[in-house]
Amino acid sequence: MICIKNLNKYYGDTQVLNDISIDIKKGEIFAIVGHSGAGKSTLMRCINGLEEYSEGSLKVNDKEIKSLSKEHLREFRKKIGMIFQHFSLIERKTVFDNVALPMQLWGYSQKEISKKVKELLDLVGLNDKIDAYPNQLSGGQKQRVAIARALTLDPEVLLSDEATSALDPNTTTSILNLLKEINEKLNITIVLVTHEMEVVKHIAQRALLLEHGNIIGFDVTEELFLKPDDKMKAFLGETEVVPQKGVNIKIYFPKDNVFQSFLTKMARELEMDFDIVWGKLEKINSHIVGNMVINIEEKDKDKVVTYINAHDIVWEVL
Ligand code: ADP
């Protein structure tokens with residue numbers, strides 16, 4: 001649905017996006033992840049036609065964005081909803097009027113507006129706040145209003161720019177669950193820009209990792225976290241302290257396979273001992289994935305490696 005090929009973007013002489021090639025599929029939840037200054041917002045602004053790109057191609061539904069006329073760009077942007085970190089609500093307008101605004105600007109009738117706003121407030125669970133003003137709402141409620149507003153024109157894509165960054169962890173979870181529900185109920189493609197790994201793990205099906213405008217990872221979320229390469233590890237700030245003696249083997253458990261008693265079975269069958277050095281389990285989307293570092297004696301290395309390989313399990317020596 002969104003197809004980006006060899007995209008380059010410069011501000012003056014500074015290149016802020018370097019050879020970006022990705023595809024975002026219809027109906028998926030896709031995350032653009034990176035630290036501050038990585039180029040995430042710039043990429044998102046290119047996707048919604050707010051920013052021009054210097055070189056390469058960016059097509060949404062087979063239409064090259066930089067070739068759209070002003071009028072077509074306006075039509076195109078109608079199909080893209082946006083939510084932001086600081087909600088961008090109008091303080092002197094009620095919840096109803098905030099949500100109604102895009103429809104008013106596009107000239108819909110009062111009847112259509114009223115029906116749609118009520119439907120959407122129902123969807124985001126805020127029917128009882130219809131006449132409230134933003135300053136009477138919590139952060140999570142404000143973001144719910146912003147989500148309802150972003151959906152009024154039936155967008156095909158919902159772009160979320162750090163929408164949970166100003167919220168506490170519990171509120172973040174409830175907003176992410178709401179986005180997931182919207183994605184499933186309305187089949188809207190969701191593109192999330194975020195620096196929060198928890199957001200990615202919670203709902204993104206695939207993710208793009210950006211650093212200084214370069215792609216350092218682009219994969220299904222479980223894969224990115226299951227077996228992070230060196231760049232990804234540096235990105236996550238993970239360092240592993242392991243014993244100097246013996247051999248340290250890191251074993252990656254594929255999704256939903258972590259509870260197998262693989263290690264104890266291996267120790268029993270090979271008649272050997274091992275120490276568990278380090279391990280972690282994580283919930284990514286609805287799957288549990290994890291890895292574990294074991295320390296074994298040098299003499300056992302070959303038989304352990306043969307055993308692990310025979311069970312089709314990903315591993316590496318640290
Ligand atoms: P992120 O969203 O990942 O924090 P941005 O896309 O906002 O990153 O910025 C990427 C880089 O581009 C940064 O180095 C930033 O300073 C620079 N930048 C962003 N907007 C502009 C602009 N309008 N003019 C010049 N440089 C910009």
Side-chain angles (χ1 to χ4, degrees), residues 1-4 22-33 40 43-50 58-65 68 72-84 87 99-103 106 108 112-127 140 143-164 172-194 199-208 218-224 255 283-287:
M1 165 181 216
I2 300 175
C3 189
I4 303 177
I22 55 164
D23 64 298
I24 300 175
K25 295 174 191 147
K26 182 161 174 48
E28 84 171 323
I29 303 183
F30 188 93
I32 300 173
V33 198
K40 308 181 293 293
L43 181 57
M44 197 170 75
R45 288 203 305 273
C46 289
I47 292 175
N48 73 0
L50 276 177
L58 196 164
K59 289 184 180 169
V60 179
N61 288 336
D62 294 325
K63 287 201 187 96
E64 185 70 46
I65 301 307
L68 294 179
H72 283 122
L73 195 59
R74 199 168 112 87
E75 280 295 326
F76 161 74
R77 298 198 53 222
K78 192 179 171 190
K79 291 283 156 203
I80 297 200
M82 282 208 66
I83 51 174
F84 308 91
F87 325 121
V99 178
L101 195 64
M103 293 183 86
W106 280 90
Y108 286 78
E112 285 171 302
I113 294 176
S114 182
K115 182 168 175 280
K116 187 79 179 177
V117 172
K118 283 180 185 145
E119 260 172 39
L120 288 171
L121 287 178
D122 208 21
L123 178 71
V124 302
L126 278 186
N127 259 334
Q143 196 57 288
R144 283 170 188 267
V145 176
I147 291 171
R149 183 185 55 189
L151 297 177
T152 44
L153 302 174
D154 298 320
E156 289 179 36
V157 184
L158 179 63
L159 298 179
S160 160
D161 192 355
E162 300 280 7
T164 54
T172 293
T173 303
S174 77
I175 293 293
L176 294 177
N177 288 340
L178 174 63
L179 290 177
K180 205 170 192 167
E181 187 187 328
I182 286 167
N183 165 261
E184 283 162 9
K185 268 194 189 155
L186 309 178
N187 196 29
I188 292 181
T189 309
I190 298 185
V191 181
L192 306 155
V193 162
T194 183
V199 170
V200 183
K201 288 178 193 168
H202 194 104
I203 60 166
Q205 288 144 3
R206 291 193 305 151
L208 165 74
F218 172 43
D219 210 334
V220 173
T221 309
E222 285 94 340
E223 292 297 322
L224 282 174
K255 60 184 176 197
K283 191 164 176 222
I284 298 185
N285 291 313
S286 46
H287 302 295

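The figures here come from the full heavy-atom set of this structure, side chains too, leaving out hydrogens, waters and symmetry mates.
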From Ile203 atom CD1 to Glu181 atom CD, the distance as rounded to the nearest 0.5 Å: 12.0 Å
Sole candidate of Leu208, Ile65, Leu58 that passes side-chain contact (heavy atoms from CB on, under 4.5 Å) when paired with Ile4: Leu58
Side-chain heavy atoms of Leu50 within contact of Met44, under 4.5 Å: no
Basic-acidic side-chain contact under 4.0 Å: Asp161, Arg45: no
Any donor-acceptor pair under 3.5 Å from Thr221 side chain to Gln205 backbone: yes
Full working for side chain to side chain contact (heavy atoms under 4.5 Å, CB included) between Ile175 and Arg144: CA-CA 7 Å; Ile175 293 293; Arg144 283 170 188 267; 3.9 Å; yes
Minimal non-hydrogen separation, Leu120 against Ala148, with atom names: CD1-O, 3.4 Å
Nearest non-hydrogen partners of Met103 and Ile113, listed with the distance: CB-CG1, 3.7 Å
Over all atoms of both residues, closest heavy-atom pair of Ile188 and Asn183: O-ND2, 2.8 Å
Within 6.0 Å of NZ in Lys79, more than 12 heavy atoms from elsewhere: yes
Heavy atoms from other residues, nucleotides or ligands near NZ of Lys63 exceed 12 (cutoff 6.0 Å): no
Value rounded to 0.5 Å, distance of OG1 in Thr152 from OH in Tyr108: 8.0 Å
Donor-acceptor contact below 3.5 Å, side chain Arg206 vs main chain Asp23: yes
For His202, the option from Asn177, Thr173, Thr172 that meets side chain to side chain donor-acceptor pair (under 3.5 Å): Asn177
Which atom of Leu151 lies closest to which atom of Leu186, heavy atoms considered: CD1-CD1, 4.2 Å
Approximate separation, where rounding is to 0.5 Å, of Cys3 SG and Asn61 CG: 11.0 Å
Inter-residue atom distance Ile147.CD1 - Leu158.CG, 0.5 Å rounding: 7.0 Å
Gln143 (side chain) donor-acceptor with Phe84 (main chain) under 3.5 angstrom: yes
Spacing of Leu159 atom CG and Ile32 atom CD1 [to the nearest 0.5 Å]: 8.0 Å
Closest contact, heavy atoms only, Ala204 versus Ala31: CB-CB, 3.7 Å
Under 3.5 Å: donor-acceptor pair, side chain of Arg149, backbone of Pro102: no
Carboxylate-amine/guanidinium proximity below 4.0 Å for Lys180 and Glu184: no
Residue Asp62 excluded, over 12 heavy atoms near CG under 6.0 Å: no
Heavy-atom pair of closest approach, residues Ile83 and Ala150: CG2-CB, 3.9 Å
Lys59, NZ atom: more than 12 neighbouring heavy atoms under 6.0 Å: no
Separation between CD1 of Ile24 and CD1 of Ile47, rounded to the nearest 0.5 Å: 4.5 Å
Sub-4.5 Å side-chain heavy-atom contact between Phe76 and Glu156: no
